[in-house]
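Notes follow the structure.
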2 protein chains.
Amino acid sequence: MVAAEIPDIVVGRLPLYLRALTQMASEGKLITSSQELGSRLGISPAQIRKDLSQFGEFGKQGTGYNIGFLAEQLRSILHVDQVWDVALVGVGDLGRAVAHYAGFLERGFRISALYDNDPAKIGTRIADLVIQDSAELVTDLRRRGISVTMLAVPATEAQAIADRLVEAGVKFILCYAPTSVRVPETVRVQYIDPVVHLQRMTYYRR
Amino acid sequence: MVAAEIPDIVVGRLPLYLRALTQMASEGKLITSSQELGSRLGISPAQIRKDLSQFGEFGKQGTGYNIGFLAEQLRSILHVDQVWDVALVGVGDLGRAVAHYAGFLERGFRISALYDNDPAKIGTRIADLVIQDSAELVTDLRRRGISVTMLAVPATEAQAIADRLVEAGVKFILCYAPTSVRVPETVRVQYIDPVVHLQRMTYYRR
DNA sequence: TAGATTGTTAATCGATTAACAATC
DNA sequence: TAGATTGTTAATCGATTAACAATC
């Protein structure tokens with residue numbers, strides 16, 4: 001049961017499987033198949049079986065997968081059978097919306113710290129959290145042992161803040177700023193830039 | 001000069017190239033190389049050259065790429081040398097933040113219609129736009145010829161709204177709802193779900 | 001049992017990289 | 001010219017799919 005080297009691209013699909021399974025469970029379904037899951041997600045059944053088989057044997061021939069059991073396994077694999085404390089840096093319009101979003105907790109994350117560098121915002125509250133001064137970022141995150149952060153600052157500030165996050169020992173950064181940041185290999189970054197997604201589509205203008 | 005079949009994954013990188021080039025231009029740089037571009041983006045120089053060569057010869061041996069020229073070419077390839085009207089459906093916290101975001105226009109998109117089904121919101125304004133009733137979605141989008149939309153409604157409503165968008169002739173949907181939607185093959189969907197990105201990272205917990 | 005679906009293998013398909021001639 | 005970097009080819013690497021024995 002030694003963890004083999006799982007391709008990044010496979011890991012990337014696991015959260016989609018988990019999300020679909022959770023949805024099925026909420027619809028009262030108990031069992032599904034690679035066929036059904038695949039048709040919901042637009043992924044081939046063979047690929048789903050292959051992906052899952054990297055981690056174990058979760059299904060039953062002739063029957064399919066127990067939705068609750070498979071979801072539980074995926075939560076464990078993705079390490080979201082626990083709740084991660086997340087710090088959000090940058091409380092502009094987007095940061096505010098993210099801070100208010102209620103959907104994190106049930107999927108393994110809890111926003112538990114907010115930072116901004118605007119004196120007018122520091123000390124005010126959003127969703128029960130006091131906005132703290134970004135100047136305290138490094139000592140504070142380090143002290144609290146927070147390793148997951150979301151970056152919702154302007155693109156021009158993203159690299160500087162990312163450097164501070166790295167300094168604070170942060171391991172995972174979800175970057176909403178429309179720019180790439182450079183970090184050591186020990187730190188992982190994921191990006192969300194709506195314009196990138198839009199441009200990926202308009203290429204296919206007919 | 002017949003458009004060859006370009007892999008999706010290549011198309012997906014073009015907006016990143018464009019974003020980095022635009023940033024370089026704003027820094028006053030005039031020339032770059034696949035080496036430099038690659039190191040900013042964490043992509044190999046060979047891959048960048050290969051990707052670009054699918055569309056033409058944009059560089060000069062020994063010199064590299066003219067940043068302004070290459071950016072212009074990419075805008076043309078991605079069809080963002082024009083401005084696309086975008087409709088945003090769902091004006092909750094996230095939709096509001098998206099509507100206020102000033103960064104769309106210079107990258108080829110303009111939010112020009114807002115929809116919600118909450119009577120308390122309909123008729124009010126956000127960023128100079130009057131929120132319209134979702135009930136008018138189909139006729140309205142069709143009349144205005146809008147083909148790009150952003151979907152910021154709850155997951156439970158996403159499929160129903162997506163069906164209406166398809167009915168209205170929409171071709172591109174950027175889905176912020178944490179769910180997959182089924183649409184005909186003629187319609188493209190891109191997804192933004194922050195939790196999916198977070199879970200992709202926490203898998204690598206050490 | 002008969003029907004269905006998994007887990008897995010082998011084959012296919014596609015993407016990335018290394019290397020280098022061309023040339024600015 | 002000498003140095004640098006492109007565009008492109010061929011080789012390598014990796015991912016997806018088809019097919020089917022196993023088995024519930």
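The structure presented is a predicted model; accordingly, all values stated were derived computationally and were not measured. Heavy atoms only: backbone and side chains are in, while hydrogens, waters and symmetry mates are out. A, B, ... follow the sequence lines: proteins, then strands. Residue 1 opens every chain.
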With A:Gln23, which residues qualify under side chain to side chain contact (heavy atoms under 4.5 Å, CB included), at least two apart?
A:Glu27, A:Arg40, B:Thr179
Side-chain donor-acceptor distances from residues 96-103 of chain B under 3.5 Å, at least two apart:
| residue | atom | partner | partner atom | Å |
| --- | --- | --- | --- | --- |
| B:His100 | ND1 | B:Arg96 | O | 3.1 |

Between B:Asp8 and A:Tyr204, does any side-chain donor sit less than 3.5 Å from a side-chain acceptor?
yes
Side chain to side chain contact (heavy atoms under 4.5 Å, CB included) against A:Asp193, all qualifying residues, sequence neighbours excluded:
A:Pro178, A:Val195, A:Val196, B:Arg19, B:Arg107
Looking at residues at least two apart in the chain, or sitting in another chain, which of them share a side chain to side chain contact (heavy atoms under 4.5 Å, CB included) with B:Asn66?
B:Ile31, B:Phe69
Which part of the nucleic acid does A:Pro7 contact within heavy-atom distance under 4.0 Å: base, sugar-phosphate only, or nothing?
sugar-phosphate
Of all heavy-atom pairs linking B:Thr202 and A:Trp84, the shortest is CG2-CE2, 3.5 Å
side-chain hydrogen bond (donor to acceptor under 3.5 Å, both in side chains) involving A:Tyr115 - partner list, sequence neighbours excluded:
A:Asp140
Which residue pairs pass the salt bridge (charged side-chain N to carboxylate O under 4.0 Å, His left out) test when at least one of the two sits in residues 80-89 of chain A, sequence neighbours left out?
A:Asp85-A:Arg110
Taking C-beta and beyond as the side chain, do B:Val153 and B:Val89 meet within less than 4.5 Å on heavy atoms?
yes
Walk along DNA chain D from 5' to 3' and tell me the first and last nucleotide with an atom closer than 4.0 Å to a non-hydrogen atom of chain B.
D:dA4 to D:dT9
With pairs taken as Watson-Crick or G-U wobble and both distances under 3.5 angstrom, which stems of at least three consecutive pairs involve DNA chain D?
C:3-24 with D:3-24
Judged by nearest nucleotide, the residue sitting upstream toward the 5' end of DNA chain D, B:Arg49 or A:Arg13, is B:Arg49
Residues touching DNA chain C, which here means a heavy atom under 4.0 Å, drawn from residues 59-69 of chain A
A:Gly59, A:Lys60, A:Gln61, A:Gly62, A:Thr63, A:Gly64, A:Tyr65
Could you tell me whether the side chain of A:Asn117 and the main chain of A:Ser134 form a donor-acceptor pair under 3.5 Å?
no
Set of residues satisfying side chain to side chain contact (heavy atoms under 4.5 Å, CB included) with respect to A:Leu129, sequence neighbours excluded:
A:Ile111, A:Leu114
For residues 53-80 of chain B, the salt bridge (charged side-chain N to carboxylate O under 4.0 Å, His left out) pairs (sequence neighbours left out) are none
Using a heavy-atom distance cut-off of less than 4.0 Å, which residues of residues 20-38 of chain B contact DNA chain D?
B:Ser33, B:Ser34
Indicate yes or no: at least one non-hydrogen side-chain atom of B:Arg188 is less than 4.5 angstrom from one of B:Lys171.
no
Closest-nucleotide mapping onto DNA chain D: is B:Pro45 or B:Lys50 further toward the 5' terminus? I mean the 5' end.
B:Pro45
